[in-house]
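Scope of the values below: all heavy atoms of this structure, side chains included, with no hydrogens, waters or symmetry mates. Counting begins at 1 with the first residue of the sequence. Note that the structure is a prediction, hence the values are computed from the model and not measured.
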Amino acid sequence: MTAPAPSSAQPSVALRQKLAGLGRRRRDAADGGADRGILSGHDRRKRGVRVSMAGVHVVLFVGLVVAGLGPLLWLAKAAVTPTQDTLSHPFELWPNGIDWANLETAWNDIHIDQYFLNTIWVAAGSWFFQLLIATTAGYALSVLRPKYAPILNGLVLATLFVPAVVLLVPLYLTVLHPPVIDTSLLNTYWAVWLPAAANAFNILLVKRFFDGLPREVFEAARTDGAGPFRVFWSIVLPMSKPILGVVSVFAVIAAWKDFLWPLLVLPDPAVQPLSVRLPAVQSQTELDVFLAALAISTLIPIVLFLVFQRLFLSGAGLGGAVKG
């Protein structure tokens with residue numbers, strides 16, 4: 001007797017395998033969705049894959065902590081460690097105790113307090129003028145949009161291709177003999193603030209963000225009788241907090257660490273910032289006191305990032321405004 005032929009109502013083994021594979025793919029697509037990466041949801045449920053992924057995450061986290069926080073933590077430790085302990089046991093935690101007097105000596109004897117205040121003045125003025133020029137220029141190019149806006153946009157973009165070192169000599173001569181006022185700006189903070197304000201990168205960054213703001217809001221404001229200044233102050237700036245935070249962080253950190261330009265235009269030690277004075281006093285200062293001075297100089301950038309981190313991270317993608 002011959003075996004009965006398989007009924008058409010019962011699927012074959014190959015067909016059942018295909019259906020099972022299709023079901024698994026559908027479940028993986030439902031689990032992963034739009035966020036599916038290299039591994040599917042089915043692979044992620046495997047114990048070996050979960051253990052491997054957890055190990056990779058731990059290694060990456062430890063590596064980022066060591067690379068990012070390691071130098072700062074070592075500097076904080078060395079700031080209150082005697083010189084001999086730092087040289088003989090650089091990675092041990094205070095083998096002969098903590099020397100808190102290093103911070104007081106760095107603050108008073110090296111006059112870190114004066115240079116610290118000078119740095120705050122330099123950073124605050126640079127922040128204000130960079131924010132002023134970036135927002136007003138970005139507003140003019142993105143929202144007001146005059147007929148010559150494409151030409152201005154091209155000229156601003158072209159300045160990014162000019163190396164900064166090429167501009168040092170003409171910029172220094174301009175500060176030494178500025179037009180119109182005919183009064184040298186050397187040893188004044190204007191010599192640092194004004195060149196810092198002409199930052200094409202910030203202008204294009206703010207313009208791109210303003211391009212994503214909803215135009216309907218501007219049209220409604222103009223219909224209600226709001227002028228350009230009212231639109232800028234009451235509508236554009238309140239909607240632009242993320243990009244303002246990003247530009248603020250960039251401006252302050254750039255001014256805080258700038259060395260060459262303040263060294264050229266601020267030759268008087270009484271008005272120099274920390275970035276210029278600390279290398280000058282290094283050869284005359286004990287190592288532990290100098291490291292304490294370096295630790296003090298890092299406080300403001302760290303605090304600034306902690307304050308603006310939400311605005312910085314939310315605006316780093318430059319996704320534009322939320323339209324309702």
**Distance-only donor-acceptor check, side chains Asp85 and Asn96, under 3.5 Å** = yes

**Message:** Could you check whether atom CD of Glu104 has more than 12 heavy atoms from other residues, nucleotides or ligands sitting under 6.0 Å from it?
**Reply:** no

**Request:** For the pair Arg230 (side chain) and Gly227 (backbone), establish whether a donor and an acceptor sit closer than 3.5 Å, ignoring hydrogens and angles.
**Result:** no

**Prompt:** More than 12 foreign heavy atoms under 6.0 Å from CG of Leu160: is that the case here?
**Reply:** yes

**Request:** Check for a donor-acceptor pair, side chain of Asp268 on one end and backbone N or O of Ala270 on the other, with a separation under 3.5 Å.
**Result:** yes

**Request:** Report the distance from atom CG of Leu194 to atom CG of Leu185, rounding to the nearest 0.5 Å.
**Result:** 7.0 Å

**Request:** Sequence neighbours left out, what pairs pass ring-ring contact (aromatic ring centres under 6.0 Å, His included) with at least one residue falling in residues 252-295?
**Result:** Phe116-Trp256

**Enclosure of Trp107 CH2 (heavy-atom neighbours >12, cutoff 6.0 Å)** = yes

**Message:** Do Trp193 and Phe128 have side chains that approach each other closer than 4.5 Å (heavy atoms only, starting at C-beta)?
**Reply:** no

**Message:** Once rounded to the nearest 0.5 Å, what's the spacing between atom CH2 of Trp100 and atom CG of Asn102?
**Reply:** 10.5 Å

**Message:** So Leu266 and Val276, do their side chains get closer than 4.5 Å, heavy atoms only?
**Reply:** no

**Request:** Kindly indicate, with the supporting measurements, whether the criterion side chain to side chain contact (heavy atoms under 4.5 Å, CB included) is fulfilled by Phe161 and Leu157.
**Result:** CA-CA 8 Å; Phe161 297 93; Leu157 182 61; 4.3 Å; yes

**Asked** Side chains of Asp99 and Val80: closer than 4.5 Å at any heavy-atom pair?
**Response** no

**Message:** Working to the nearest 0.5 angstrom, can you tell me the gap between Leu186 CG and Thr188 OG1?
**Reply:** 7.5 Å

**Asked** Ser126 and Val192: side chain to side chain contact (heavy atoms under 4.5 Å, CB included), yes or no, with the steps?
**Response** CA-CA 7 Å; Ser126 299; Val192 180; 4.1 Å; yes

**Asked** Got Gln130 and Ser248 here, is their nearest side-chain heavy-atom distance under 4.5 Å?
**Response** no

**Prompt:** Under the side chain to side chain donor-acceptor pair (under 3.5 Å) test, which residues partner Lys77, sequence neighbours left out?
**Reply:** none

**Fill in**
Rounding to 0.5 Å, atoms CG (Leu263) and CG (Asp258) come to a distance of 10.0 Å

**Prompt:** Atom CG in Leu144, atom OH in Tyr139: separation rounded to 0.5 Å?
**Reply:** 4.5 Å

**Message:** Looking at Asp182, I want to see if its CG is surrounded by more than 12 non-hydrogen atoms of other residues, nucleotides or ligands under 6.0 Å.
**Reply:** no

**Message:** I'd like to check Ile112 versus Ser297 (side-chain heavy atoms, cut-off strictly below 4.5 Å). Are they in contact?
**Reply:** no

**Prompt:** Any donor and acceptor pair, going by atom type alone, linking the side chain of Ser142 with main-chain N or O of Asp211 inside 3.5 Å?
**Reply:** yes

**Fill in**
Interatomic distance, CZ@Arg277 vs OG1@Thr119, rounded to 0.5 Å, equals 11.5 Å

